[in-house]
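Every chain is numbered from 1 and lettered A, B, ... according to where its sequence line falls, protein lines coming before strand lines.
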Number of protein chains: 2
Amino acid sequence: MVDIMVHGNPIPVRERTRRAMRAELTLLAQDLFAAKGYDQTTIEDLVAAAGMSKRTFFRYFTSKEDLVLGKYELLADRLTEAITARPREEPVWESLRRAFDVIVEFFDDERQLARTLAMEKVICANPALSAGELERMARAQEQLADLLRDRMGRPSPADPTPAAIAGAALSCLIAAKKTWIATSQSRPFGELLDEAMAALRPA
Amino acid sequence: MVDIMVHGNPIPVRERTRRAMRAELTLLAQDLFAAKGYDQTTIEDLVAAAGMSKRTFFRYFTSKEDLVLGKYELLADRLTEAITARPREEPVWESLRRAFDVIVEFFDDERQLARTLAMEKVICANPALSAGELERMARAQEQLADLLRDRMGRPSPADPTPAAIAGAALSCLIAAKKTWIATSQSRPFGELLDEAMAALRPA
DNA sequence: CCCGAAGTGCCACCGAGTGCCAAGTGTGCC
DNA sequence: GGCACACTTGGCACTCGGTGGCACTTCGGG
């Protein structure tokens, strides 16, 4: 069931069809990428399979990368939401860990697990995609750092600490994710993340 | 003065001319990027200024990105060298901080300061370049994590800790660098790095 | 029912990057 | 000096991701 109402306002029809189109194209593309490989799948292949013109495709997606990494935007927003929802007196490291649960849940979602893992594999196999993933994470990190700066009562932008902590937390997340994937999910993601974050408590 | 001998072996002539060509092209390209912007400078512009063909250019550089980010490869090697040179009983966080001195020195080099800052500005202004920079750092991080795994006596690849620590240290480096640039070098890079790393001591 | 805005297809175009082949350039050896 | 050989270079045609422009359709509201 898709949300038709958000904050009491209806989402206009155009927007809904647009999202549906993006979702459909994303699924189709990811299947092609998983089957043939990212580089081996051209936009022409994709639009032929989808029955649309190349020009139209680029009205829905800004780039080929977007087909794989589009979800990260959404995830980053959910992350910042999650952290603002944490009590302000909570230690920041704890808040970060709890906020990361939204990411953990995303990766643990069994209905999507196979697809998610397939896309991670595609990303790892392609340096440009890996780079794009990191870049999107860096954007999230900046948002996070701003929130932390506020929360830690360190208003000075000349203080590198909030950015360092946000980056460190994301590094733990990445390390846990990589281990989780490399070990074929033999241990729960959340547990690995706990372990990584326990090794690095801010002073 | 350029090194002609390395480890007692002479570098062959071809290799030397190749390096000289790369260095010259890099300087030329960076000047163009700084003047006109990265996206606005085409490879055609560059090779016209250098008096060579496009085809030849791509025999010296694998990509346009390489003109800006090529030095990172070298820097990563120097970093891993520096860390292997640290005593094994030293706490890893301390070893990392000391190893980072090679990076700090690179950025502090006054003869190159203007050029380095100009390139940082170019990188920041271009998402693809930022992504590439992060990707190269991630590669360095993997090397670092391997060294740490060894040094920490945690041989299991299922342990996310070494990667988390390596990532955290690099996050501190990045945070310090960003602050250093954002505040127009009003405080020494090394000092900002100390501050960032002090906030995040591994348990 | 009509008007305007958004969506679409098509085509020409740009820039990065590659494969291929022919011509140039130097280096060592006889 | 001349020959053979390895390496370098240039030019061309090509692929692919991505954009600009324009004409056409579709759809919703007054």
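Under the ring pair (Phe, Tyr, Trp, His ring centres under 6.0 Å) criterion, B/F33 pairs with B/Y38, not counting sequence neighbours. Remark: A/R55 pairs with no residue by the side chain to side chain donor-acceptor pair (under 3.5 Å) rule, at least two apart or across chains. Applying the ring pair (Phe, Tyr, Trp, His ring centres under 6.0 Å) test to B/F57 and every residue at least two apart in sequence or in another chain returns B/F61. By the side chain to side chain contact (heavy atoms under 4.5 Å, CB included) test, B/A128 is found to be paired with B/N126, residues two or more places apart in sequence or in another chain being considered. With sequence neighbours excluded, no residue satisfies ring pair (Phe, Tyr, Trp, His ring centres under 6.0 Å) with A/F58. Take B/E65 and apply the side chain to side chain donor-acceptor pair (under 3.5 Å) test, not counting sequence neighbours, and it matches no residue. Remark: A/Y60 engages no residue in a ring pair (Phe, Tyr, Trp, His ring centres under 6.0 Å) (not counting sequence neighbours). Considering only residues two or more places apart in sequence or on other chains, A/D101 meets the side chain to side chain donor-acceptor pair (under 3.5 Å) condition with A/R97, A/R98.
Atom-to-atom, NZ of A/K36 to C1' of D/dC16 comes out at 13 Å; the value is rounded to the nearest Å. Distance B/F58 CZ to C/dG15 P: 12 Å, rounded to the nearest Å. The distance from atom CD of B/E65 to atom P of D/dG17 is 17 Å, rounded to the nearest whole Å. Taking atom CG of residue B/L67 and atom P of nucleotide C/dA16, one finds them 11 Å apart after rounding to whole Å.
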Legend entry - Nucleic acid footprint by protein, nucleotides 7-14 of chain D - heavy-atom cut-off 4.0 Å, B for base, S for sugar-phosphate alone: S-BBBB--

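A/S130 and B/E135 share no side-chain donor-acceptor pair at under 3.5 Å.
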Result block: side-chain N/O donor-acceptor pairs under 3.5 angstrom for residues 170-177 of chain B, not counting sequence neighbours:
unit_1: B/S171; atom_1: OG; unit_2: A/G167; atom_2: O; d: 3.1
unit_1: B/S171; atom_1: OG; unit_2: A/S171; atom_2: OG; d: 3.2
unit_1: B/S171; atom_1: OG; unit_2: B/G167; atom_2: O; d: 3.0
unit_1: B/K177; atom_1: NZ; unit_2: B/E120; atom_2: OE1; d: 3.1
unit_1: B/K177; atom_1: NZ; unit_2: B/E133; atom_2: OE2; d: 2.6

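Residues from residues 39-49 of chain A with heavy atoms under 4.0 angstrom of DNA chain D, sorted by number: A/T41, A/T42, A/I43. Only at 4.0 angstrom or more do the heavy atoms of residues 122-135 of chain A sit from any atom of DNA chain D, so none qualifies.
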